[in-house]
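Heads up, the thing below is written out as structure tokens.
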Amino acid sequence: MSFSTLISKAVPLAEDNVDTDAIYPGRFLLRIDKQGAGACLFYDKRVGSNNTVHVIDHPTFKDAQILLAGENFGCGSSREQAVWALHDFGFRCIIAKSFGEIFYSNCINNHILPIVIVDNDYQVLMSAAESLHSFHVDLNSKQLSVQGGPTITFDISQQHQNMLLKGLDEIGLQLKNDSADIDSFEAAQKQSQPWLWQPIFESI
Amino acid sequence: MTAKTLYEKLWDSHVVKQYNDNSCLLYIDRHLVQEVSSPVAFSSLRARGIGLRQAQKCLAMVDHVLPTQNKQYIEDPEARIQIQTLVDNTLEAGITYFPVDDARQGIVHVVGPELGFTLPGTTLVCGDSHTATHGAFGCLAFGIGASECEKVFATQCLKQIQAKTMRITFIGCLPVFCSAKDLALSVIAKIGAAGGTGYAIEYAGDEIRALSMEGRMTLCNMTIEAGARVGLVAPDEKTYAYLAQSPLAPKHQNWQDALCYWRQLCSDREAHFDREVSIDISQLEPMVTWGTSPEHVVPISANVPTHVNTQAQSQTRNQARNQVRNQAREASWQKALTYMQVKSGAPIAGIKVDKVFIGSCTNSRIEDLRSAAAVVAGRQVASNVIAIVVPGSGQVKLQAEKEGLDKVFTQAGLQWRSPGCSLCVAMNNDRLVPGERCASTSNRNFEGRQGVGGRTHLMSPAMAAAAAITGEITDVRKLL
Ligand code: SF4
């Protein structure tokens, strides 16, 4: 799966510190596979709460692939289930003022593009999302533009940009290209820090 | 040679190769495996038709889903399947697994250090954000997602980008009845829940040297609540004394050689940090959270704030930006006040609690239990309160029982349980019912974290013990 451009409405979730417990409540972590994770997405906010329709369920945003949120989105628990749920629900891009770091890596590993924006752009984008304007994301040029609005250049590391653009399989690549380097690292460490190579579980 | 920070030394000694996109392939020495984050990692590895590169670098156990009343009887069929899946996967992979009834089983972040699985100078990962805990040993430890667990299984490496460095220096001495938990909460109060994002934090100052290993673990554990994946304390004689007792620490000549190596693991005097923060702790008080983010925190003598504090925004520079930020923050504060049903401007002390939880990878080690026991000894839990004590591991439990702490707890009316994550994450049958309020020594006060509709106030073990006795949030210093 690769990612290059995306045109979609953005679901405005104007909150800071949305944690992964909120995105994917802990009790659903008992499941051992990722299929159907979307059903648990924001479960306690959507299903549990008193008859108000959660913004991601609003008919206007049906099929929206972008989620727009405030600061520190995806903070807290490392549970990748949160990202699986967002992906399963249809999100391919999340725009926020900042992200929980592990969540950010989990996004990259699941082909979701996380975009970090600054405060001033946040206001503009929030209004645009609320006015149902469509967002245009181009990962090649690292640009985000909104219908009738500004064009924002966003930052993403070259490594992450590549992974998303090419849909790279890191494990496959490393096994192919890096095995010899790993071998020699291990050989050297066995010499310099032999205590890390004792067959440890014989001793307990 | 250029001066390096501890983080940079740990990083540099694990670089397998550098790529031309500014990232590095980092070697991983230790991998802790638990039931929640591993099933998909194992199944996708199986789908690839490949095995583990270094099964002997892994250690596995169940912690999240275990019941803590009778761990032999697991009522929930999904939990049974999850546990069995870990048993099957580790057996197939050849990974050491501590069964549920093993005396060493417990929360991975308590067990790893006490066995000496966690060592200075190593890299350690786990599919769990509180892996930061192990940084207390001068170990580069960080939480990862399930996909990354799979990568480590397959290659024993992770492609990573080096973090920026932040040093947090505590000035002054920790006042009596304050603990590492209060230090951790004061850090979050100072830099905010996202203040550490992008940084590896090193803790420094005389008080760090004075802290026990347990205290250092508590502090490093909650680094993730300040947004940083890595929290570090340079190893010292205390570290080595702690490890000397542990079964997996190097032995004989290896121990001597390891000591030589570990003694170099500190930030050089001239090392440059991208951000320096200092916190004066000489006036610190026991800290308590009032809201739904760990940054919603105040000293016990204070009131629930009436307006957004700006301290946690020290990175914010211009006013316009400040205003926008304040609006968003204001909204989330309002939401938190409503959810928690606390009044802004009212004292944090005196808020009634229904439950008390002493446990979690933050505060379930022997020292934590001792400090809670000292408060409840000879007293009785308030009649409106259910209080549970959940030791972090089988070893902690044994040690506590040896010292008679279990009796102290049960005589005071607290329940003495078996090791596990328990009410920290509410994946077993320990949970709050909607509307219940809990004084908790865990690390997250998120909405619903301890059960749907539950309300969490984070605090130290001594403070939680005090709340158990009085039935309300209480300044423990008044009880002692
Ligand atoms: S005790 Fe809580 S925070 Fe620690 S590992 Fe268990 S669930 Fe996670």
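Just so it is clear, the values below take in all heavy atoms, side chains as well, and ignore hydrogens, waters and symmetry mates. Each chain gets a letter, A, B and so on, in the order its sequence line appears, and its residues count up from 1. What you see is a predicted model, and the numbers here were worked out from it, not measured in a lab.
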*Is any NZ, NE, NH1 or NH2 atom of the basic residue among Asp183(A) and Arg53(B) found under 4.0 Å from an Asp or Glu carboxylate oxygen of the other?*
yes

_Selection from Ser157(A), Ser98(A), Gly76(A), Ser105(A) maximising heavy-atom pairs under 4.5 Å formed with chain B_ = Gly76(A)

*With a 4.5 angstrom heavy-atom cut-off, could you sort out which part of Asn20(B) is near chain A: side chain, backbone, both or neither?*
backbone

*How close do Glu101(A) and Tyr199(B) get, heavy atom to heavy atom, and via which atoms?*
OE2-N, 4.0 Å

*Contact class of Phe446(B) relative to chain A, heavy atoms under 4.5 angstrom*: both

*Find out whether Glu15(A) and Lys335(B) are in side-chain contact, i.e. whether some heavy atom of one side chain is under 4.5 Å from a heavy atom of the other.*
yes

*Under a 4.5 Å heavy-atom cut-off, does chain A meet the side chain of Leu25(B), its backbone, both or neither?*
side chain

_Taking atom CG as the centre, does Asn177(A) end up with more than 12 heavy-atom neighbours from other residues, nucleotides or ligands that are less than 6.0 angstrom away?_
yes

_Let me confirm one number: the CD1-CZ distance from Ile171(A) to Phe153(B), rounded to the nearest 0.5 Å._
10.5 Å

*asked:* Regarding Lys17(B) and Asp178(A), does a basic nitrogen lie under 4.0 Å from an acidic carboxylate oxygen?
replied: yes

*Could you tell me which portion of Glu170(A) (side chain, backbone, both or neither) has an atom closer than 4.5 angstrom to a non-hydrogen atom of chain B?*
side chain

*Tell me, for Thr85(B) versus chain A, whether the close heavy atoms (under 4.5 Å) come from the side chain, the backbone, both or neither.*
side chain

*Could you look at Gln253(B) and say if it's the side chain, the backbone, both or neither that has a heavy atom under 4.5 Å from chain A?*
neither

*Give the member of Ser332(B), Ala258(B), Ser293(B) that has the highest number of heavy-atom pairs under 4.5 Å with chain A.*
Ala258(B)

_Which residues in residues 21-41 of chain A have any heavy atom closer than 4.5 Å to a heavy atom of chain B?_
Asp21(A), Gly26(A), Arg27(A), Leu29(A), Leu30(A), Arg31(A), Ile32(A), Asp33(A), Lys34(A)

*Any idea which of Pro250(B), Gly453(B), Gly448(B) has the most non-hydrogen atom pairs under 4.5 angstrom with chain A?*
Pro250(B)

*From Asp16(A) atom CG to Glu330(B) atom CD, the distance as rounded to the nearest 0.5 Å*: 11.5 Å

*So what's closer than 4.5 Å to chain B heavy atoms on Asn17(A): side chain, backbone, both or neither?*
side chain

*Indicate the atoms forming the closest heavy-atom contact of Leu175(A) with Ala154(B), along with that distance.*
CD2-O, 3.9 Å

*asked:* Does Ile161(B) form a side-chain contact (heavy atoms from CB on, under 4.5 Å) with Gln159(A)? I'd like the steps, not just the answer.
replied: CA-CA 9 Å; Ile161(B) 298 165; Gln159(A) 178 205 351; 3.4 Å; yes

*Write down the atom of Asn254(B), the atom of Pro194(A), and the distance for their closest heavy-atom approach.*
OD1-CG, 3.6 Å

*Does the ring of Trp195(A) carry Lys251(B) above it, NZ/CZ under 6.0 angstrom from centre and within 45° of its axis?*
no

*Decide side chain to side chain donor-acceptor pair (under 3.5 Å) for Glu186(A) and Gln156(B); before the verdict, give the C-alpha distance in whole Å, the side-chain angles of both, and the deciding distance to 0.1 Å.*
CA-CA 10 Å; Glu186(A) 287 180 340; Gln156(B) 205 54 41; over 6 Å; no

*asked:* Run the side-chain contact (heavy atoms from CB on, under 4.5 Å) test on Gln189(A) and His14(B) for me, step by step, so that the C-alpha distance in whole Å, both residues' side-chain angles and the decisive distance to 0.1 Å come before the verdict.
replied: CA-CA 9 Å; Gln189(A) 201 195 47; His14(B) 287 87; 4.0 Å; yes

*Asp29(B) vs Gln193(A), side chain to side chain donor-acceptor pair (under 3.5 Å): CA-CA, chis, key distance, verdict*: CA-CA 11 Å; Asp29(B) 298 318; Gln193(A) 296 180 66; over 6 Å; no

*asked:* Within the structure provided, determine whether Arg444(B) and Ser77(A) are in side-chain contact (heavy-atom separation under 4.5 Å).
replied: yes

*Highest number of heavy-atom pairs under 4.5 Å with chain B: which of Gln158(A), His160(A), Arg79(A)?*
Gln158(A)

*Can you find a heavy atom in the side chain of Arg229(B) that is under 4.5 Å from one in the side chain of Ile102(A)?*
yes

*Relative to chain A, which segment of Thr155(B) carries a heavy atom at a distance below 4.5 Å: side chain, backbone, both, or neither?*
both

_Leading residue by heavy atom contact count with chain A [cutoff under 4.5 Å; candidates Val65(B), Asp257(B), Asn22(B), Val425(B)]_ = Asp257(B)

_Interchain contact, Phe99(A) with chain B, by part (heavy-atom threshold 4.5 Å)_ = backbone

_Lys151(B) with Asp169(A): basic N within carboxylate O range, under 4.0 Å_ = no

*In terms of heavy-atom proximity below 4.5 Å to chain A, should Thr122(B) be classed as side chain, backbone, both, or neither?*
side chain

_Side chain / backbone / both / neither for Gln161(A) at chain B, heavy atoms under 4.5 Å_ = neither

*Audit row: Leu119(B), Leu196(A), side-chain contact (heavy atoms from CB on, under 4.5 Å) steps and yes/no*: CA-CA 9 Å; Leu119(B) 292 175; Leu196(A) 297 182; 4.1 Å; yes

*Indicate yes or no: at least one non-hydrogen side-chain atom of Glu80(A) is less than 4.5 angstrom from one of Glu148(B).*
no

*Examine whether an atom of Tyr19(B) lies under 4.5 Å from a heavy atom of chain A, and if so say whether it belongs to the side chain, the backbone or both; otherwise answer neither.*
side chain

